[in-house]
Amino acid sequence: MMLSDPIFTTLDPDQRRAVLHDGGPLLLVAGAGSGKTRAIVARIVRLLRDGVPARSILGITFTNRAAGEMRERVAKALVPDGDPSAGDAVARSFPGTSRAAHVPWLGTFHAFGAILLRRHGDRIGLSRRFVIYDTRDQHDVLKRILKDLNVDEKKFPPAKFGWLIERAKRDGVSVEQAALSAGWRVVTTAGQVGKAYDDALAEAGAVDFTDLIRLPVTLLRGAPDVLAAVRSEVRHLLVDEFQDVDGAQAELTELLAQGADSFCAVGDEDQSIYGWRGASAAPMLSFEGRHPGSKVIHLSTNYRSRAAILSVAGALIAKNRSRREKKITPAREGGERPSMSVYADQEAEAQEVAAAVAREIRAGVAPTEIAVFYRVNAQSRAVEDALRMLRIPYVLRGALSFYERAAVRDAVSYLKWFLHPDDAVSLKRLLKFPRRGVGEVTLEKSRAAARREGIPPSGALSRIPNLAPLFSFRALWLAELPQMSPAEALHALLSGAGYLDALEASAREPGEGREGAGREEDLEHVRELLRVAEAFTGEGEDGLLEFLEKVTLAAEEAGVEESKAVRLMTLHNAKGLEFDVVFLVGLEDGLLPHSRSVDSPHEIEEERRLFYVGLTRARERVFLSLVRRRNLFGSYRDTVPSRFLYDLPASLVRRTDGALPESPPGRGLFGGAGPGHRVTVHREPRYEEENPSARPRKVRHPVFGEGQVESVQGEGKDQKIIARFPVYGLKKILVRAVEMEFLD
DNA sequence: CCCCCGTCAGCTGGT
DNA sequence: CTGACGGGGG
């Protein structure tokens, strides 16, 4: 064993045990910042050094980005002194067939599922050319179905049915069952919609995201020879972010793990933040029970965050009840306490954040090491405006990704339809631009005719006169396809079909201002898509399918990541990343926790984990903030501070907002009493309203500061006090919900 | 069939 | 305030 390699010598004892563990299944419980990726990479390298062929190692990650990062690090470890770009080249080659043979396959569940289905999908009646429908495509399909079935779209929007269908697939139950367990009243209708949806996808030769997991499970269960073939290939399995697998992903993992020489699952239940899409930490928590002879190793040293940050994060997450108590030791002592600021509205907040970002940059922090996190995408706007004002470059992660842009989707729909002319959703999209005089009515007639005659939809479509040019060009294009690279094929297709010309003409068109400018941008996006295609090397249909898959499954921004830009993203997007400086904005009830989560203790805990994830991304500094009024749908609404702020011990947080009364040292700024001070904190008021002279005239609210009590309403559990605060004005406060100090 | 315009509802989160 | 949808005229 070549343990002299720096990749092994720099490991701590726990990481080393995880890297060297052989034999039974291994659960690696890796807290935030504990060097998880380093351990996984070292484990892969260790396997390779032991002589395991790269192709027999399968590493599943949560995002394509995480896979890319890991691939790069593995490549670098294997060729440490090589051309620095060599690692990049290897990293970029995925998922090309040309990928370097010495780096294992690393990718998402969805990408892996797609590969299995391309290879063996014919066994369950799936065309090799199947297209992948994303959420938008799915909603388009459902919209048509709901119309056909006369379901009121207002009461039952397509998204709801999409959610239900996906849930059914994840849990491996019928749509009716899913509807029942979700408490729906329209169970029969749900079943009909589910059936129609399946038919529509089958007719279009399409699969949705969840199919990419569920169908492989069905396939491997039903075809022992395929299962054996896959198992003979996948000898070593690693699954990252195991706390966030959904039911179908857990089943797929089991199927692979049972036949493997080694299986290593890595996760941290405190970072499980995808419960809303069916993820559950249950497979992780029951790991030992389900895998006799398995081993559990904890990585409990945090190498990332300063102790001052970690103690706040630790105090926060300790409030969650459904978790295993664990000890996390900071490797980096000291540091600044996270700061907490209150601003008038989100514009003020954004301006102060932008100003602070500017200060950090002036002080020498790299812009790429600064991130702003928020709960919902809509919050990015104010921050963007403020950063633009100060001319600070920024990049958004995740929001509306490159591949979701209208023009890119248009171009991709051409590609999808040319490869699969039965794909109704793509056809409908591409017919929007340029106009070809074929609309919904004509399509519906054609569809009906195809059903009547029992021919594929495309058979009837080809008889539509206005589509004839498209079909004849498609025949030409298909004949040329085997000789063309993905980029050539895409370009030939878009220009031959008249799309590029129409787009250019429309971009040149003067006068319309907004229209013209928009098209200009569209053209740029399509050119960028063509550039992305350049990176794909395969020839003919295979290369193109690979490109298409990448485009459909990649949520990431295409093109170069700006190397000098501040990062803006949602808390969900922040998972797995780290930054020197982190800003966490909009810490208000309704946003964090989100209003749609507040009714369920379970979901509130998930929101708390989201906050925890945000805090633990920071290495050096954290800035927390909230606003007093928030603009929603055009009007301002008063806010309530996030209930999670009351979980943070006052002594650990630095209050920076001068406009509010400064809290005395050690006093309970956020509800907790510091050492050395005796502060009476009441959950119940210590007075009766019948005796007004006994009631306190002043209260100290954890966030609003000191205020004058004006009146008291209700009794017992529902008792509220109405008090006036210096900055916030009049506030009604539910006594049992807030730890307040009552002063006289 | 297409385009324009008025009305109305809407903002979790992501592969 | 923004985007989606439906109705009516071209």
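By convention in this document, chain letters (A, B, ...) are assigned in the order of the sequence lines, proteins followed by strands, and residues within each chain are numbered from 1. Given the structure is predicted, the values throughout are model-derived calculations rather than measurements.
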Sugar-phosphate, base or nothing in reach of Thr210(A), heavy atoms under 4.0 Å: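 It contacts nothing in the nucleic acid.
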Pairs: protein N or O with nucleotides 1-9 of chain C N or O, under 3.5 Å:
unit_1 : atom_1 : unit_2    : atom_2 : d
dC5(C) : OP1    : Lys143(A) : NZ     : 3.4

Partner residues of [X] under the salt bridge (Lys or Arg N to Asp or Glu O under 4.0 Å) criterion, sequence neighbours left out:
X: Arg119(A); value: Glu233(A)
X: Arg277(A); value: none
X: Glu347(A); value: none

Under the ring pair (Phe, Tyr, Trp, His ring centres under 6.0 Å) rule, collect the residues that match up with [X], sequence neighbours excluded.
X: Phe547(A); result: Phe536(A)
X: Tyr414(A); result: Tyr499(A)
X: Trp184(A); result: Phe161(A)
X: Phe112(A); result: Trp105(A)

Could you tell me how far apart [X] ([atom1]) and [N] ([atom2]) are, to the nearest whole angstrom?
X: Trp163(A); N: dG13(B); atom1: CH2; atom2: P; answer: 17 Å
X: Asp599(A); N: dT12(B); atom1: CG; atom2: P; answer: 14 Å
X: Arg136(A); N: dG14(B); atom1: CZ; atom2: P; answer: 15 Å
X: Leu632(A); N: dG10(B); atom1: CG; atom2: C1'; answer: 9 Å
X: Lys160(A); N: dA9(B); atom1: NZ; atom2: C1'; answer: 14 Å
X: Leu571(A); N: dG14(B); atom1: CG; atom2: P; answer: 10 Å
X: Arg637(A); N: dC11(B); atom1: CZ; atom2: P; answer: 16 Å
X: Leu591(A); N: dC11(B); atom1: CG; atom2: C1'; answer: 9 Å

Position toward the 5' end of DNA chain B (nearest nucleotide), Ala378(A) or Thr570(A):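 Comparing both residues, the 5'-ward one is Ala378(A).
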Residue met sooner reading DNA chain B from 5', once Arg596(A) and Phe62(A) are mapped to nucleotides: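 Looking at DNA chain B, the more 5' nearest nucleotide goes with Arg596(A).
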Arg381(A) CZ: over 12 foreign heavy atoms closer than 6.0 Å: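 Atom CZ in Arg381(A) is not packed in, count stays at 12 or less.
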Short N-O contact, Arg429(A) and Asp140(A), less than 4.0 angstrom: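 Salt bridge between Arg429(A) and Asp140(A), a charged N being under 4.0 Å from a carboxylate O: no.
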Residue Thr135(A), side-chain heavy atoms: nucleotide from dC1(B), dT15(B), dT12(B) that is nearest: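 Of dC1(B), dT15(B), dT12(B), dT15(B) is nearest to the side chain of Thr135(A).
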Options dC1(B), dG14(B), dG13(B), nucleotide nearest the side-chain atoms of Arg277(A):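 Side chain of Arg277(A) sits closest to dG14(B).
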Phe579(A) six-ring face occupied by Arg567(A) cation (under 6.0 Å, within 45°):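 No, cation not above the ring by the 6.0 Å, 45° rule.
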Output one line per pair: protein atom, nucleotide atom from nucleotides 2-6 of chain B, and distance, for all N/O pairs under 3.5 Å.
unit_1 : atom_1 : unit_2    : atom_2 : d
dC2(B) : OP1    : Gly437(A) : N      : 3.4
dC3(B) : OP2    : Arg435(A) : NE     : 3.0
dC3(B) : OP2    : Arg435(A) : NH2    : 3.1

Within residues 265-276 of chain A: residues closer than 4.0 Å to DNA chain B (heavy atoms):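 Heavy-atom cutoff 4.0 Å gives Tyr274(A), Trp276(A).
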For Pro283(A), all residues meeting side chain to side chain contact (heavy atoms under 4.5 Å, CB included), sequence neighbours excluded: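 Applying side chain to side chain contact (heavy atoms under 4.5 Å, CB included) to Pro283(A) gives Phe242(A), Val245(A), Ala250(A), Ser280(A), Arg290(A).
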With Asp211(A) via side chain to side chain contact (heavy atoms under 4.5 Å, CB included) - residues at least two apart: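 Lys169(A), Leu201(A), Val207(A), Asp208(A), Leu215(A).
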Atom C1', compared across dT12(B) and dC5(C): separation rounded to whole Å: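 It works out to 23 Å between them.
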Rounded distance in Å between the C1' positions of dC11(B) and dG6(C):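 Approximately 24 Å lies between the C1' atom of dC11(B) and that of dG6(C).
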pi-stack flag for His110(A) and dT15(B), centroid dist under 5.5 Å, interplanar under 30°: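 It does not: the two rings, one from His110(A) and one from dT15(B), miss the stacking criterion.
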side-chain N/O Asn377(A) vs dG14(B) OP1/OP2, d < 4.0 Å: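 So the side-chain polar atoms of Asn377(A) do come within 4.0 Å of the phosphate oxygens OP1 or OP2 of dG14(B), strictly under.
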